[in-house]
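All values below were derived from every heavy atom in this structure, side-chain atoms included, with hydrogens, water molecules and symmetry-related copies excluded. Remember, it's a predicted structure, so these values are computed and weren't measured experimentally. In this chain, residues are counted from 1 in sequence order.
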Amino acid sequence: MVGKENAEAFDLLEQDILNSASPGIRPGLSRMAKCLGLLGNPQRDFKAIHVVGTNGKGSTASTIASILSSSGLKTALYTSPHLLHMGERLKIEGKIVSPQRWMETWQKVKLVLRENFIAGTPPTAFELMTAVAFLILSEEKVDVAVVEAGMGGRLDATNLLGEVILSVITSISLDHTNFLGDTISQIAKEKFSVIRPGKRAIYVGGDFGLEELFIDSCAKMISEGHIFSRECLVKPAHFSLDGVIYDFWTSKGYFFDSLETKLTAAYQIGNTALAVFAALLLKDIFPGISDETIRSGLLSVSWPGRFEIIRLKNGKVLILDGAHNPEGMAVFAQSLKQVLRPHENITFMTAMMKDKDIRETLKKLCNLPIEKIVCTQVPQLDRSESSHALADIARNIFTKAFIGDEAELNTALCEAVNSHSSYIAICGSLYLIGAIKKILRSNL
């Protein structure tokens, strides 16, 4: 937990980075490669596990890092986006790096920008944050870094990592189509392009066509490819708002009974089991990984904003989740069905980004017992769809539920919490979840 002063320091730092960066999303590696080269290529100084995909990247990366840390390794975790402040993006041995250290390192990067980049050509904000993180990891001499890709694969800033020992590819679905491609296969090719020559790669699998594309990609790179859905078996044993328990087998003879994680939601079984499989494949590189450290890592992992449970004083339950595309919302809805009591209605609060497939994403909630949907928007974010437009879409989909339209976030939250439902689900965007958590931090 970071105090208010440190959170404010990170906010100021983020603003300075944004002011120094190229605006928006600009795929390409030339800016980042030039920046890292001028910094001495810090991304080559540590082993890395690269986690790529559409949904489940953060949970999978966080679980892998937790297992490696439990195995005695000095482990770093780099993820995006953040919920409350940008310091959340980088953790070393489970702890957030101080804003002072971020600022000191940023000054080194900023000097490189000032001396070597002309106006209009600097890296993007994500690239600059990633460069700062890589430089910190180099200076900290971590044993291994688990690095979550940003939006893409081939042209993502994280793809410049120098010593990737394992590429982990989670589920792939339509998202960021204006940058990655209009079809699942086009997007998959972008993701699979991170596979490194002669190294190992895991794909979660489940789509035969994409599995074959993954096999072909590994063959071209002479890489050792593993498909989780073909080599592993998972049997769910218990779901609750306190976590999940499951049994796990692999085709190589590994068996774990009653693996437990405090991460709630049905989809966390797949994410954490994929992380277990990754850890097993790393045992020859990191002999400290054992059955005990795998269990310990699963039990201690945390990942806020993904089916995060907050129990209010009035007995109601808030469920926060960053689901923002059709596949993510589908697995979120499935998880809700498994924890709701019979005849229990639910209130939804949502805000979504204009560039998402809002209609198809909301349709994934149709089979839930929804009493009310409160449509809102993320303040000071141009990408956020207006509450009015969102409510219009929702009314065409949910003809029996009451649809509320409230642009002001605090008021929308009060409206949702004061509904008759015992469960209030807040989802649609990680930006929304971050804004809600800031409100809750000030009021709880």
Given 3.5 Å as the limit, does a donor-acceptor pair link the side chain of [X] with the main chain of [Y], or not?
X: Ser22; Y: Pro122; answer: yes
X: Thr264; Y: Phe307; answer: yes
X: Lys316; Y: Val417; answer: yes
X: Asp207; Y: Leu210; answer: yes
X: Ser193; Y: Arg154; answer: yes
X: Thr124; Y: Glu127; answer: yes
X: Lys110; Y: Trp106; answer: no
X: Thr79; Y: Glu148; answer: no
X: Ser66; Y: Ser62; answer: no
X: Arg200; Y: Leu281; answer: yes

Atom [atom1] of [X] and atom [atom2] of [Y]: how far apart are they, to the nearest 0.5 Å?
X: Asp357; Y: Leu362; atom1: CG; atom2: CG; result: 9.5 Å
X: Lys337; Y: Leu368; atom1: NZ; atom2: CG; result: 6.0 Å
X: Asp291; Y: Phe256; atom1: CG; atom2: CZ; result: 4.0 Å
X: Phe192; Y: Ile215; atom1: CZ; atom2: CD1; result: 9.5 Å
X: Thr54; Y: Ile169; atom1: OG1; atom2: CD1; result: 11.0 Å

Decide yes or no on side-chain hydrogen bond (donor to acceptor under 3.5 Å, both in side chains) for Thr261 and Gln268, but give the supporting numbers first.
CA-CA 9 Å; Thr261 176; Gln268 295 295 14; over 6 Å; no

Take atom NZ in Lys437; do more than 12 heavy atoms of anything else shown fall under 6.0 Å from it?
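Atom NZ in Lys437 is crowded, with more than 12 foreign heavy atoms closer than 6.0 Å.
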
Quick check: are there more than 12 heavy atoms from other residues, nucleotides or ligands sitting under 6.0 Å from NZ of Lys57?
yes

Mind listing the closest non-hydrogen atom pair of Gly225 and Glu231 along with its distance?
O-OE2, 4.3 Å

Output yes when [X] and [Y] qualify as a salt bridge under the 4.0 Å nitrogen-oxygen rule, no when they do not.
X: Arg101; Y: Glu140; result: yes
X: Lys354; Y: Glu385; result: no
X: Lys262; Y: Glu260; result: yes

Worked check of side-chain hydrogen bond (donor to acceptor under 3.5 Å, both in side chains) between Thr272 and Thr63:
CA-CA 6 Å; Thr272 58; Thr63 306; 5.7 Å; no

Using only heavy-atom distances, determine whether the side chains of [X] and [Y] contain a donor-acceptor pair under 3.5 Å.
X: Thr293; Y: Ser71; result: yes
X: Asn19; Y: Gln15; result: yes
X: Asn6; Y: Glu8; result: no

Could you walk me through whether Arg230 and Glu212 pass the salt bridge (charged side-chain N to carboxylate O under 4.0 Å, His left out) test, one step at a time?
CA-CA 12 Å; Arg230 296 188 184 184; Glu212 293 302 305; 3.1 Å; yes

Of Phe277, Phe208, Phe228, Phe214, which meets ring pair (Phe, Tyr, Trp, His ring centres under 6.0 Å) against Tyr203?
Phe214

Applying salt bridge (charged side-chain N to carboxylate O under 4.0 Å, His left out) to Glu14 and Arg89, what does each step give before you reach the verdict?
CA-CA 12 Å; Glu14 181 180 5; Arg89 293 176 180 239; 5.5 Å; no

Please work out which of the three classes, parallel, tilted or perpendicular, describes the rings of Phe248 and Tyr246, given edges at 30° and 60°.
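Answer is perpendicular, since the angle exceeds 60°.
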
I'd like to know whether Gln43 forms a side-chain hydrogen bond (donor to acceptor under 3.5 Å, both in side chains) with Asn41, so could you lay out the CA-CA distance, the side-chain angles of the two residues, the decisive distance to 0.1 Å, and finally the verdict.
CA-CA 5 Å; Gln43 78 282 5; Asn41 286 309; 3.1 Å; yes

Cationic tip of Lys34 above Phe117 ring, under 6.0 Å, 45° of axis:
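Judged by the rule, Lys34 and Phe117 form a cation-pi pair.
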
